[in-house]
Amino acid sequence: QLQLTESGGGSVQPGGSLRLSCAASGYGGRNWCMGWFRQAPGQEREGVASINVNNYKQYADSVNGRATISGDNAKITLQMNSLRPEDTGMYYCAARRGAYCVLRSPEFDNWGQGIQVTVSS
């Protein structure tokens, strides 16, 4: 069974940076898609970034230019710069088998427990 474990969250001041990591285990398939989603209190979960086996990357408009996703099917990272208070939320790593990769949460069937990111002065 595919397991995902997030790390690297925390508190940071506006304008700061964070690097989130997601370690994946239990999947030996060749084709994969992994991504990051976030959810603020009272809001729906939204996609942040995704990457697949072909290194095809997608970013939400809200983070485009401030976020970089990288990695492979064992570990992905999300580097976020110029953080804003609206980036605050619980960040979840997600994965799905196959190379098909769109930044929509219903497309992913494996989820990590989530990690908190707080951007505040």
Side-chain angles (χ1 to χ4, degrees):
Q1 184 176 355
L2 181 60
Q3 292 186 324
L4 305 172
T5 305
E6 302 100 337
S7 61
S11 296
V12 63
Q13 292 186 341
S17 298
L18 275 179
R19 179 186 292 263
L20 304 181
S21 295
C22 175
S25 62
Y27 179 60
R30 178 179 179 275
N31 295 314
W32 54 271
C33 166
M34 294 181 69
W36 287 97
F37 291 78
R38 66 186 180 188
Q39 188 167 19
Q43 297 187 20
E44 294 186 355
R45 189 172 296 186
E46 63 172 354
V48 178
S50 65
I51 183 172
N52 76 352
V53 61
N54 300 316
N55 206 35
Y56 174 69
K57 302 176 183 180
Q58 298 179 84
Y59 296 96
D61 289 343
S62 58
V63 303
N64 203 15
R66 301 188 297 120
T68 302
I69 190 170
S70 61
D72 54 35
N73 64 346
K75 181 180 178 180
I76 63 168
T77 62
L78 180 69
Q79 176 70 40
M80 293 195 66
N81 302 319
S82 302
L83 284 162
R84 305 167 181 169
E86 53 263 41
D87 293 317
T88 294
M90 188 70 77
Y91 281 67
Y92 297 90
C93 178
R96 67 180 305 276
R97 290 168 174 78
Y100 178 72
C101 204
V102 293
L103 200 52
R104 293 179 62 246
S105 57
E107 299 292 341
F108 291 80
D109 51 8
N110 295 277
W111 293 86
Q113 293 297 309
I115 193 165
Q116 180 68 36
V117 171
T118 301
V119 184
S120 174
S121 56

Taking only distance into account, with no hydrogens and no angle test, what donor-acceptor pairs under 3.5 Å do side-chain atoms of residues 14-21 form with protein atoms, sequence neighbours excluded?
{"residue": "Ser17", "atom": "OG", "partner": "Asn81", "partner atom": "OD1", "Å": "2.9"}
{"residue": "Arg19", "atom": "NE", "partner": "Gln79", "partner atom": "OE1", "Å": "3.2"}
{"residue": "Arg19", "atom": "NH2", "partner": "Gln79", "partner atom": "OE1", "Å": "3.2"}

Taking distance alone, no hydrogens or angles, what donor-acceptor pairs closer than 3.5 Å link side-chain atoms of residues 67-76 to residues at least two apart or in another chain?
{"residue": "Ser70", "atom": "OG", "partner": "Thr77", "partner atom": "OG1", "Å": "2.9"}
{"residue": "Asp72", "atom": "OD1", "partner": "Ala74", "partner atom": "N", "Å": "2.8"}
{"residue": "Asp72", "atom": "OD1", "partner": "Lys75", "partner atom": "N", "Å": "3.1"}
{"residue": "Asn73", "atom": "ND2", "partner": "Gly29", "partner atom": "O", "Å": "3.4"}

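A ring pair (Phe, Tyr, Trp, His ring centres under 6.0 Å) check over residues 75-106, counting only residues at least two apart or in different chains, returns nothing. Residue pairs satisfying the salt bridge (Lys or Arg N to Asp or Glu O under 4.0 Å) criterion with at least one member in residues 82-100, sequence neighbours excluded, are listed as follows: Arg38-Asp87, Arg66-Asp87. Pairs engaging residues 18-54 under the ring pair (Phe, Tyr, Trp, His ring centres under 6.0 Å) rule: Phe37-Phe108, Phe37-Trp111 [sequence neighbours left out]. Within the structure, no pair that satisfies the salt bridge (Lys or Arg N to Asp or Glu O under 4.0 Å) test touches residues 5-18, not counting sequence neighbours. Pairs passing the disulfide bond (SG atoms under 2.5 Å apart) check and including a residue from residues 5-39, sequence neighbours excluded, read Cys22-Cys93, Cys33-Cys101.
Tracing side-chain contacts under 4.5 Å through hydrophobic residues (I, L, V, M, F, W, Y), one never reaches Met90 starting from Val12; they form parts of separate clusters. In terms of hydrophobic clustering, with Ile, Leu, Val, Met, Phe, Trp and Tyr side chains grouped at heavy-atom distances under 4.5 Å, Leu103 and Tyr59 are assigned to different clusters. With hydrophobic clusters built from ILVMFWY side chains whose heavy atoms lie under 4.5 angstrom apart, Ile115 shares a cluster with Val119.
Across every non-hydrogen atom of Ile51 and Lys57, the tightest pair is CD1-CE, 3.8 Å. Nearest approach of Leu4 to Ala24, heavy atoms of both residues: CD2-CB, 3.6 Å. Contact record, Leu2 with Ala95: CD2-CB, 3.5 Å, taken as the closest heavy-atom pair.
Considering only residues two or more places apart in sequence or on other chains, Gln3 meets the side chain to side chain contact (heavy atoms under 4.5 Å, CB included) condition with Ser25. Remark: Thr118 pairs with Gln116 by the side chain to side chain donor-acceptor pair (under 3.5 Å) rule, at least two apart or across chains. Listed by chain and number, the residues in a side chain to side chain contact (heavy atoms under 4.5 Å, CB included) with Asn54 are Asn52, Ala99 (sequence neighbours excluded).
Going from atom CE of Met34 over to atom OG of Ser50 covers 11.0 Å, rounded to the nearest 0.5 Å.
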Run the side-chain contact (heavy atoms from CB on, under 4.5 Å) test on Val117 and Met80 for me, step by step, so that the C-alpha distance in whole Å, both residues' side-chain angles and the decisive distance to 0.1 Å come before the verdict. CA-CA 11 Å; Val117 171; Met80 293 195 66; over 6 Å; no
